[in-house]
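Atoms within a ligand are numbered from 1 in the order they appear, just like the ligands themselves. Nothing fancy with the numbering, it's 1 onward along the sequence. Just the heavy atoms: all of them, side chains too, but no hydrogens, waters or symmetry mates, feed the values below.
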Amino acid sequence: MDGNGRWAKKRLMPRSFGHREGVGVIDRIADDVFGRGIEYLTLFAFSTENWKRPADEVKGLLSLFERYLKKNIPKLESKGIVLKILGSEAHLSGRLSSLIAEAEARTGGGTRGTLTIGFDYGGRADIVAAVNRCVDEGRKVSEADFPDFLQTAGMPDPDIVIRTGGEKRISNFLLYQMAYSEIYFSDTLWPDFSSEELDGILADYASTDRRFGGLNGK
Ligand code: FPP
């Protein structure tokens with residue numbers, strides 16, 4: 001969800017204004033995604049590197065996350081959407097940790113789709129923690145069972161990854177899981193990301209010949 005800061009700056013507003021606007025886009029895009037029968041939506045809200053941002057921006061993002069959870073747990077529960085959080089809780093407040101536990105417990109029975117938010121998530125940290133768990137268990141693993149050790153265990157690999165905001169990089173997102181994702185880089189700043197643009201991406205994806213390294217997609 002890149003581009004919130006620039007969106008705000010263009011309006012001569014503080015970056016926090018862009019982040020607030022960015023949160024507002026989540027519900028609309030989630031409704032679009034689940035309404036089109038897609039079962040998983042994963043959003044990257046805060047990376048393991050985002051702690052390097054100025055303290056007031058970090059504080060603002062933590063408080064937006066807390067507010068998002070408070071407001072959305074009942075909504076997601078009633079819509080049948082499971083909410084999962086990826087990332088470390090080690091540096092989050094006890095209040096945030098209990099909200100995450102509450103969100104996962106209350107929405108866990110949903111059958112309509114899974115909304116996952118990466119917060120203090122890093123692809124490298126995920127892989128390293130998974131390797132260490134394998135070592136602790138004294139196990140050698142295969143490509144077939146390694147994903148069970150990642151935080152995304154039980155979830156399919158992403159078919160589509162969309163990065164808004166014009167930068168063409170992965171920025172430590174789902175590094176292992178994205179091996180064969182179709183990647184879309186959009187110049188649109190996240191607060192302006194529209195249902196129409198999403199539909200355009202889905203239409204393009206539908207006509208993509210995914211070969212997974214083979215010749216006929218098998
Ligand atoms: C990147 O844009 C965006 C982020 C680091 C934060 C994304 C977070 C939200 C949309 C709000 C948090 C939402 C939840 C649910 C916790 P940027 O700030 O780097 O923008 P820029 O590249 O224009 O500076």
Option of least heavy-atom distance to atom 6 (C) of ligand 1 (set: G5, S16, A45): A45
Nearest-option assignment for atom 15 (C) of ligand 1, heavy atoms, candidates I85, V58, N4, I26: I26
Carboxylate-amine/guanidinium proximity below 4.0 Å for R163 and E167: no
Lys/Arg-Asp/Glu bridge criterion (N-O < 4.0 Å) met for R124, D126: no
Shortest protein contact, atom 2 (O) of ligand 1 (heavy atom only): D2 OD1, 3.1 Å
Residue and atom name of the nearest protein heavy atom (relative to atom 19 (O) of ligand 1), distance in Å to one decimal: R53 NH2, 2.8 Å
L43, portion touching ligand 1 at heavy-atom distance under 4.0 Å: neither
Whether R20 lies under 4.0 Å from ligand 1, heavy atom: no
Non-hydrogen atom of G165 closer than 4.0 Å to ligand 1: no
Ring centres under 6.0 angstrom apart (Y184, Y205): no
Short side-chain to backbone donor-acceptor contact, R139 and V135, under 3.5 Å: no
Aromatic W7 / basic R11 pairing, under 6.0 angstrom, 45° off normal: yes
Atoms of ligand 1 close to N50 [distance to a heavy atom under 4.0 angstrom, numbered from 1]: 5 (C)
Sub-4.0 Å atoms of ligand 1 with respect to non-hydrogen atoms of F65: 16 (C)
Worked verdict on S195 versus D32 for side chain to side chain donor-acceptor pair (under 3.5 Å): CA-CA 7 Å; S195 309; D32 288 343; 2.6 Å; yes
